[in-house]
Amino acid sequence: MDLFEQRIKELREIINRHNHNYYVLNEPTISDQEFDALLRELQDLERDYPQYQDPLSPTQRVGSDITKGFTQVRHERPMMSLSNSYNIDEVQDFLRRAQEGLGGEQSEIVGEMKYDGTSISVTYEHGRLVRAVTRGDGVQGDDVTANVITIKSVPLEITGVDNLPEKFEVRGEIVLPWKSFERLNEERQYNEEPLFANPRNAAAGTLKLQNSAEVARRGLDAIFYFLLGENLPFESHYESIKALQRWGFKTGEMTILPSIDAVKDFIGRWEVERKQLPVATDGLVFKINSLRQQLNLGATAKSPRWAIAYKFAPERECTKLQYVSFEVGRTGVITPVANLDPVLLSGTIVKRASLHNADIIKQLDIHEGDMLYVEKGGEIIPKIVGVDEKRRQAGSKPIQFITHCPSCMTPLQRVEGEAAWVCPNKWECGPQICGRIEHFVGRHAMNIDGIGEEVAILLNKSGLVNDIADLYDLTQEKLIALERFQERSAQRILRGIEASKSVPFARVIFALSIPFVGETTGKVLARHTRDIDTLMSMPAEQLAAIPEIGPKIAQSIIDFFAEERNRVIVERLRAAGLQMALTQDETAGLTDKLQGKKIVISGVFAKHSREEYKAMIEQNGGKNVGSISGATNYVLAGENMGPSKLEKARKLGIEIINEEQFLEMIQ
């Protein structure tokens, strides 16, 4: 072994140890800068000496943007689901049935946390990770090894352990910590993408991404709770999990419970303490500790007889209303927000909850200083679900919706046929101007890096940017003159502005902030109008006749371009060099072969990626939809299509087509 190979191996061991200290033990022993220096050294050596590359090197934790489609792998042992219980009586019934199944033999119970994520099975051979597979249908699942390798709490290689089994399987839960979940949803909200409903959905969706670099960026974690293998040297579940801890795996807290009273105490403790955990939980699991007794009890067709899940009730808290604030969105809509005494709910401190509109305030009959019930069970954003009227203060007054804009004091107007109140002062109301700037620079619009909420406000207050076209008049000198701006941050923004000139026409339409015109609608309008002049001049009847548009959106477009200032902005953007028409390449392949057809894509494909198929559907006049319903025309099915989707499609009589059939349709 030469010196370079020796140093590479040494660095891998050091970095893996520090990853374990940081991500599993939560006890870092070196600074981030020192860790980054070690990682850079290893990256440089692996680049200069490619003969020593290893797919399990810690440098591979960053993932790749060319992850291949998933293949299905059959589980060596089925991955079963647990039976559920919802009260202590049902847990007692489980214990009674287990004792009867063991012929009256006494058994020891282990209690542990049930983490709310997506199940995973990871196989190791000779101490090295060889395969990670999702639960799937319990019999077979998707091989997601490339994505699991990016999760820093998952050991890639186990070293320094005596008597390590030659081959073993660990099962656990891939989770997205609350902090990562909140950050991810903030990004998606900023980019006007659909928000994840909860960390479980976010973890499952992330694990199935075709881009492992994006998986690495999102910050998944893994917690393991089960060890399987041939001739393992353990007599109890408790012993096997302790072994996993010694081998470097992150596991949840486990407690041996000698009596039903101990079980009750365990439930009572975690009903409270789980709210302090950094990851989502949805219950507890009780298991027979003895592996021999587990084997004797066996399983039903779906669930083991030696374990049961205990489900927590949805979280609800009662907290005091401090005051209601009224916030202005980029389209002028006023949103009332309940500002609350801080309360811990589903792992996060909740201080605010949207009240949506004036009608909701009236329906709930909210008064000043009321005690409000807040829920977050499975929801993205905390919501007010009721009022504790018994604790209402005597003489408190009902909350009144405001009559004037809280920013510019312009009288509000009620949107006809809707519950929304709007500030009509579009051009002088600060929050509306800054909101349009933020929307324009967003990732799914013009994708101009370096401009967030604070910078947008700063640019507006300084007088440099009063509308989106002003962004293209910015110079390095103007930006550096602003407070806290340096040459590097100014150059970053200017590079983004220059790059935005090549953004496709469909995204330019979306970026303009036309009310009710989202990203998908922008694509539809670009396809049917092909250039901005046609869009601006098209009468309402023609616009409404475009699939997915209709009278409401059509009138919104007419009203938008009827304002001379919007037309001036468009001309300034055109003069700055933005794409105001489809390119020849974009128009060349446009057809109406799928006109009006709603298509769901599911599974893994061989000839093209899912994103490419989505683009083909839109290019041929079809619409991509995310879920199957009676309105779906086709399901484009690849390998490993989800069994629930397949069953639903068949039940509704929806035609299922494969790649070859789809490509023939649009040929």
Looking at [Y], is its backbone amide N or carbonyl O close enough to the side chain of [X] to form a donor-acceptor pair, meaning the two atoms are under 3.5 Å apart?
{"X": "T632", "Y": "I628", "answer": "no"}
{"X": "S396", "Y": "Q393", "answer": "yes"}
{"X": "Q99", "Y": "L95", "answer": "no"}

**Message:** I need the full list of ring pair (Phe, Tyr, Trp, His ring centres under 6.0 Å) pairs touching residues 320-339, with sequence neighbours left out, sorted by first then second residue.
**Reply:**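 Of all non-adjacent pairs touching residues 320-339, those that pass ring pair (Phe, Tyr, Trp, His ring centres under 6.0 Å) are F326-F401.
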Salt-bridge criterion met for [X] and [Y] (N-O under 4.0 Å):
{"X": "R183", "Y": "E186", "value": "no"}
{"X": "K250", "Y": "E173", "value": "no"}
{"X": "K208", "Y": "D142", "value": "yes"}
{"X": "E375", "Y": "R316", "value": "yes"}

Sequence neighbours left out, what passes side-chain contact (heavy atoms from CB on, under 4.5 Å) with [X]? Give chain and number order.
{"X": "T521", "answer": "V517, L525, I549, I553"}
{"X": "D449", "answer": "R492"}
{"X": "D282", "answer": "K114, D116, K311"}
{"X": "A353", "answer": "L340, P382, I384"}

**Message:** Can you tell me which residue among R330, H444, M446 is in a side chain to side chain contact (heavy atoms under 4.5 Å, CB included) with H439?
**Reply:**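 Option passing the side chain to side chain contact (heavy atoms under 4.5 Å, CB included) with H439: R330.
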**Asked** Under the criterion side chain to side chain contact (heavy atoms under 4.5 Å, CB included), which of I241, N289, V285 is the partner of M254?
**Response**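 So, applying the side chain to side chain contact (heavy atoms under 4.5 Å, CB included) to M254 and each of I241, N289, V285, only I241 qualifies.
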**Contacts of F224 that satisfy ring-ring contact (aromatic ring centres under 6.0 Å, His included) - sequence neighbours left out** =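 Only F249 meet the ring-ring contact (aromatic ring centres under 6.0 Å, His included) criterion with F224.
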**Item:** Residues in ring-ring contact (aromatic ring centres under 6.0 Å, His included) contact with F94, at least two apart in sequence or another chain
**Value:**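 Listed in chain order: nothing, the list is empty.
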Of all residues at least two apart in sequence or in a different chain, which pass the salt bridge (Lys or Arg N to Asp or Glu O under 4.0 Å) check with [X]?
{"X": "E253", "value": "R269"}
{"X": "D341", "value": "none"}
{"X": "R135", "value": "none"}

**Prompt:** Within 45° of the ring axis of Y225 and under 6.0 Å from its six-membered ring centre, is that where the NZ or CZ of K287 lies?
**Reply:**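 Output no; distance or angle outside limits.
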Only pairs under 3.5 Å count here: list side-chain donor-acceptor contacts from residues 385-392, not counting sequence neighbours, and write none if there are none.
| residue | atom | partner | partner atom | Å |
| --- | --- | --- | --- | --- |
| D388 | OD1 | K390 | N | 3.3 |
| R392 | NE | D370 | OD1 | 3.0 |
| R392 | NE | D370 | OD2 | 3.4 |
| R392 | NH2 | D365 | O | 2.8 |
| R392 | NH2 | H367 | ND1 | 3.4 |
| R392 | NH2 | D370 | OD2 | 2.9 |

**Straight-line distance of T206 OG1 to L220 CG, nearest 0.5 Å** =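 Rounded to the nearest 0.5 Å, the OG1-CG separation comes out at 5.0 Å.
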Tabulate below the donor-acceptor pairs under 3.5 Å that side-chain atoms of residues 419-428 make, not counting sequence neighbours, or state none.
| residue | atom | partner | partner atom | Å |
| --- | --- | --- | --- | --- |
| K426 | NZ | E563 | OE2 | 2.9 |
| W427 | NE1 | E563 | OE1 | 3.1 |

